[in-house]
Amino acid sequence: MKPVFYLFIFTCLFSLSSFADDTTNIPISRQVFHDKIKDEQRRADRMDGRVDGLMKVSQNNEVNLQVTDALIRQINVLRNDVESRKDLPTNNEKIRYLRYIESLLKVFTEEWKEHNISPALAPMLVENFSEIMTANIKGVSMAPMVNEVPYEVGLINSEIFNENPGYRESKILLFRKFCRLYPDKILSNLGPYVDEPFADSLVI
């Protein structure tokens, strides 16, 4: 029964993904940027050795489906959202955010390949990216959103949105997360934060 259930869910996910493509009018001038995102999706799909529309990152089928949904359907929703948003009125603004989405996939796949992030974090990564994207469009600090996710997720998204008004605060928050994860590396990485109020306590 379980294989049939998973196949049903998987089919639904890809129906939704195709539906998102078909209902969005993409100008020819921006089609190349959507194509670059699709290329990165295929690269992520290839990480398990096969380009088959299912990212097998664990022995747990549910986790595999969640990761696939995040990197395909949810990414498609994001890029089509960029096209439809009224608060991104110009061509250059839309291109900028499409490039952010491309960067998200590219960096995630590279970090996955280098074993710097668990691929199971993909759903959280994409959700956090979506929240920060909305905040960034509104000119709101991303720091609270960076603070609520694991270090690896926050690091990727904060570097993509490095012009956000909360970038400096986010870097500090992430460094403190880094220190908790790697206490033996505190001194060698403290330099940029040596004048912060918390520096002395970290040294101690």
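- In this structure, the side chains of Lys171 and Tyr167 come closer than 4.5 Å at one or more pairs of heavy atoms.
- Sparse packing is recorded around CD of Glu163, with 12 or fewer heavy atoms of other residues, nucleotides or ligands lying under 6.0 Å away.
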From CA spacing to verdict: side chain to side chain contact (heavy atoms under 4.5 Å, CB included), Val57, Trp112: CA-CA 10 Å; Val57 304; Trp112 174 6; 3.5 Å; yes
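- Hydrophobic clustering keeps Met142 apart from Leu173 (ILVMFWY residues linked when any side-chain heavy atoms are closer than 4.5 Å, directly or through intermediates).
- Distance CG/Asn76 to CD1/Ile37: 8.5 Å, rounded to 0.5 Å.
- Remark: Phe178 pairs with Tyr151, Tyr182 by the ring-ring contact (aromatic ring centres under 6.0 Å, His included) rule, at least two apart or across chains.
- To the nearest 0.5 Å, the span separating CG on Leu104 from CE on Met133 amounts to 10.5 Å.
- Panel note: side chain Asn147, backbone Ala143; no donor-acceptor pair is recorded below 3.5 Å.
- Taking 4.5 Å as the limit, some side-chain heavy atom of Leu65 sits within range of a side-chain heavy atom of Leu54.
- Counting heavy atoms from C-beta on, the side chains of Phe129 and Ile101 come closer than 4.5 Å.
- A continuous path of hydrophobic side-chain contacts links Met124 to Leu174 [ILVMFWY only; heavy atoms under 4.5 Å].
- Looking at heavy atoms from C-beta onward, Leu121 lies out of side-chain contact with Val149 at the 4.5 angstrom threshold.
- To the nearest 0.5 Å, atom OG of residue Ser103 and atom CD1 of residue Ile156 are 11.0 Å apart.
- Interatomic distance, CG of Asn164 versus CE of Met145, reported as 7.5 Å (0.5 Å rounding).
- Judged as a salt bridge (Lys or Arg N to Asp or Glu O under 4.0 Å), the pairs with a partner in residues 87-101 (not counting sequence neighbours) are, in order, Arg85-Asp87.
- Heavy-atom minimum distance, Thr109 versus Ala44: OG1-CB, 3.7 Å.
- Every residue meeting the side-chain hydrogen bond (donor to acceptor under 3.5 Å, both in side chains) condition with Asn116, not counting sequence neighbours, appears here in chain and number order: Glu111.
- Thr68 places a side-chain N or O within donor-acceptor distance of the main-chain N or O of Met55, the cut-off being under 3.5 Å.
- The residues Asp39 and Arg42 are annotated as salt-bridged, a charged nitrogen and a carboxylate oxygen being separated by less than 4.0 angstrom.
- Distance check, rounded to the nearest 0.5 Å: CZ of Arg30 to CG of Asp35 gives 13.0 Å.
- Evaluated for a side-chain contact (heavy atoms from CB on, under 4.5 Å) with Asn128, the options Leu125, Ile132, Val126 yield exactly one hit, Ile132.
- Val107 has its side chain out of reach of Glu159: every pair of non-hydrogen atoms, C-beta onward, lies at least 4.5 Å apart.
- For the pair Ser29 and Asn91, the tightest heavy-atom approach, listed with the atom from each and the gap, is OG-OD1, 3.7 Å.
- With hydrogens and angles left out, the side-chain atoms of Tyr100 and Asn136 include no donor and acceptor closer than 3.5 Å.
- Taking each heavy atom of Asn25 and Glu83 in turn, the nearest pair found is O-OE1, 4.2 Å.
- Looking only at side-chain heavy atoms (C-beta outward), Pro123 and Asp69 stay at 4.5 Å or farther from each other.
- Of all heavy-atom pairs spanning Ala122 and Phe108, the tightest one is CB-CZ, 3.7 Å.
- Ion pairing between Glu110 and Lys106 fails under the 4.0 Å rule for side-chain N and carboxylate O.
- Between the side chain of Gln74 and the backbone N or O of Glu127 there is no donor-acceptor pair closer than 3.5 Å.
- In this structure, Ser141 and Glu169 have side chains that are in contact, with non-hydrogen atoms separated by less than 4.5 Å.
- Proximity of Arg79 to Glu102: side-chain heavy atoms (C-beta onward) are nowhere separated by under 4.5 Å.
- At a cut-off of 3.5 Å, with distance as the only test, no side-chain donor of Asn157 or Glu131 sits close to an acceptor on the other residue.
- Smallest separation of non-hydrogen atoms from Ser170 and Val146: OG-CG2, 3.7 Å.
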Working for side chain to side chain contact (heavy atoms under 4.5 Å, CB included), residues Ile137 and Tyr97: CA-CA 9 Å; Ile137 291 170; Tyr97 280 88; 3.5 Å; yes
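- In this structure, CD1 on Ile95 lies 8.5 Å from OG1 on Thr90, to the nearest 0.5 angstrom.
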Chi angles and distances behind the side chain to side chain contact (heavy atoms under 4.5 Å, CB included) call for Lys177, Leu155: CA-CA 10 Å; Lys177 287 176 184 283; Leu155 183 63; over 6 Å; no
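- When all heavy atoms of Pro165 and Gly139 are compared, the pair lying nearest together is CG-O, 3.5 Å.
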